[in-house]
Protein chains: 2
Amino acid sequence: MSNQNMFVKIAIDNWQSQVNAFNSMLDKLSDEQLLEEIAPSKNRGIYLLGHLIAVHDRMLPLLRFEDAKYPGLKPLFIDAPDKTIQDIPATSQLRAQWKEVNEKLSAHYKTLSPDQWLERHASVSPEDFEKEPNRNRLNVLVGRTNHLSYHGGQLALLVKKN
Amino acid sequence: MSNQNMFVKIAIDNWQSQVNAFNSMLDKLSDEQLLEEIAPSKNRGIYLLGHLIAVHDRMLPLLRFEDAKYPGLKPLFIDAPDKTIQDIPATSQLRAQWKEVNEKLSAHYKTLSPDQWLERHASVSPEDFEKEPNRNRLNVLVGRTNHLSYHGGQLALLVKKN
């Protein structure tokens, strides 16, 4: 394996490992438990789940793969704080969307060469990208992996120790 | 900048950005606030800080830079759960050690070439590394960045909104 392929492999493997860890926590949490707050007056588990789906869904266009599949989640789980909107999707539906969006991302990841990972992401113009070539797809992947870990550490607070 | 240097830059920049975000939270938290639990019956902020110093300190030998500077923190903040050992260092001391250990790491990061980032870390033997070349320094850096984000998401629960 070339050095460049190894760099990409490490980034993708670390993403997948955080997705797997989050999935493992979700499997341990009932729909009722996901309605609990991670700490008094803080976000509920369900909000973290919706927030992560919305953010990952928006990676589809940000990485220039395809349109967002569930743009309706952004107003509910990115623009609005938790507990300000009553009418959110059923937990079973969110669980399915979470799985689907991550599977779409993983399938796209496999199609990119190392050079393509270093191409610009969709939020930077070609002109600005010339000046700041670090605003590329790989940077989005690594940053979003950290974002997932951040909220994973919060969801972990709902998982009961045996 | 070569592709390989760009891959390394992204990994290091993301590490530094997580360290900066954690430092910014620490600056907002008094020593008294760090003694609070992040959620009822969960770890205290001070434990997360000690835990992260201990883990980052151990990256010094793991990345084959130098010996751990504060090996005495491992029994307190890795081996023992929070609130089982009364005699832990003063918060002011931990704040200083945190800064020092991260500065040491950052200084070492700058000395490695992309090829050196793909060399084995200290917990894998040369024989095993031949079979699993992804067990390299860069993988440690990316994994530990996620670990920091994970606990950063937890410490954030102690920071009061204005």
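Note on naming: letters A, B, ... go to the chains in the order of the sequence lines (proteins, then strands), and numbering restarts at 1 for each one.
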Exercise. When the ring centroid of W15(B) is compared with that of Y109(B), is the distance short of 6.0 Å?
Worked result: yes
Seminar exercise, completed: With L52(B) as partner, the option from F22(B), Y47(B), F77(B) fulfilling side-chain contact (heavy atoms from CB on, under 4.5 Å) is F22(B)
Exercise. How about P126(A) and E130(A): do any of their side-chain heavy atoms sit closer than 4.5 Å?
Worked result: no
For this session: Give, as side chain, backbone, both or neither, the part of I38(A) having an atom under 4.5 angstrom from any heavy atom of chain B.
Result: both
Problem set entry | R120(A)/D128(A) salt bridge by N-O under 4.0 Å criterion | no
Problem set entry | Pairs of heavy atoms under 4.5 Å with chain A: top-ranked of E37(B), H151(B), H147(B), Q18(B) | Q18(B)
Problem set entry | chain B contact via L118(A) - which portion, at a heavy-atom distance below 4.5 Å | side chain
Seminar exercise, completed: Under 4.5 Å to a heavy atom of chain B? For N136(A) that would be side chain
